[in-house]
Amino acid sequence: GRVHTSYIAYTLRFISFYKLYFYPYRILKHKDMPMKLSKKSLDVGFFCTELEADRDFWGNKLQLEFQGTLELGEGIVAHPTIQYRYKVQDSIIKVNDYQSDLPNGRDDPSGYSSLLIPGNVRAPSSFEVISGETITLVPKGHLGLTGLGITVTSENADRLVDFYTEVMQFQSLGYRKVAAGETLIFIEDGKSGTETSTFVGTGFRYLTLHVTNADSALEEIAGRGGKIAMPPVDYGSIARLGFVTDPDGNWIEVAHVNK
């Protein structure tokens, strides 16, 4: 009887010790160790179908600050591409003009369905771009936004939440809402993104996160179960970048800028 009682008491003390010291670490491990970003906001990649109309929309209609252009070439895209860059706080909207027919159109969309842009407006105001996605200007602080907000739709939204929080190590902010630095991602029920062989296609096609070392970050993402869709390559002497895809096939660029 005494031996049995002592064993039970010992077991209960061990369980209490485990819960006190180890269990909280397991629960908080991903929340307290978010993805280390070298830039506090994500960028968004968009492919236009009517360059002048799209540039007029981003630059004149939305009055976003134009930051200049970059040229994307062999090793990153199959055909020369001019990228027009528009600033939203610390994020960049990358408006890409692909110099050939886009391989993926509106029938093969990504899950990136809308953007929320905080600014000096009193109430939300929505617009639809030519490719069908929704852009909404919102007051600063709306839904907790201080930077860009991105909506991703999925037929398996909880699976995407797990991917963003566990594999990408973005911070959970509650029900289907995660933060990557100052960028908020809202995961909603809807049509899933399409699995494609390239990130090139009509409309919003990829997110970009900036890290200190793209190779290491991609290796770590793969180690947590992520799928490497494009191994890291050099963008001239400027940067190094690669891509992963989420379980729905949405593309995410992981990049670092060379010092």
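Numbering of residues begins at 1 and proceeds along the displayed sequence.
Salt bridge status for K94 with E253: present, with a side-chain N to carboxylate O gap under 4.0 Å. Ion pairing of R240 with D215 is present here, as a side-chain N (NZ or NE/NH1/NH2) and a carboxylate O approach within less than 4.0 Å. A salt bridge links R176 with D189: at least one charged nitrogen is closer than 4.0 Å to a carboxylate oxygen.
V152 is not connected to L116 by any chain of hydrophobic side-chain contacts under 4.5 Å among Ile, Leu, Val, Met, Phe, Trp and Tyr, and they are in different clusters. Under a hydrophobic-cluster definition in which Ile, Leu, Val, Met, Phe, Trp and Tyr are linked whenever side-chain heavy atoms come within less than 4.5 Å, directly or via other members, Y164 and L184 are assigned to different clusters.
Here I93 contributes atom CD1 and D43 contributes atom CG; the two are 8.0 Å apart, rounded to the nearest 0.5 Å. Atoms CD and CE, on Q171 and M35 in that order, are 13.5 Å from each other to the nearest 0.5 Å.
For NZ of K61, the number of neighbouring non-hydrogen atoms (other residues, nucleotides, ligands) closer than 6.0 Å is 12 at most.
When side chains are defined from C-beta on, F186 does not count as touching L173, because their heavy atoms never get closer than 4.5 Å. The side-chain heavy atoms of S114 and S126, taken from C-beta on, include no pair separated by under 4.5 Å.
There is no side-chain donor-acceptor pair under 3.5 Å between K140 and T146. D248 and S154 form a side-chain donor-acceptor contact under 3.5 Å, judged by distance and modelled atom types alone. No side-chain N or O of S91 forms a donor-acceptor pair with one of Q89 less than 3.5 Å apart.
Residue L72 belongs to a hydrophobic cluster whose other members are F47, L70, I76, V77, Y98, L102, F199, V200, Y206, M230, V233, Y235, I238, L241, F243, W251, with links defined by side-chain heavy atoms closer than 4.5 Å.
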Exercise for the section: Go through the steps to decide whether S113 and E133 satisfy the test side chain to side chain contact (heavy atoms under 4.5 Å, CB included), and finish with yes or no. Expected result: CA-CA 5 Å; S113 62; E133 296 90 348; 5.6 Å; no
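Remark: side-chain polar atoms of K39 are paired, donor with acceptor, to backbone N or O of D90 under 3.5 angstrom. Between the side chain of T194 and the backbone N or O of P109 there is at least one donor-acceptor pair closer than 3.5 Å.
The side chain to side chain contact (heavy atoms under 4.5 Å, CB included) with L115 is formed by just one residue from the set T136, L137, I150; it is I150.
Aromatic ring centres of W58 and F46: separated by under 6.0 Å.
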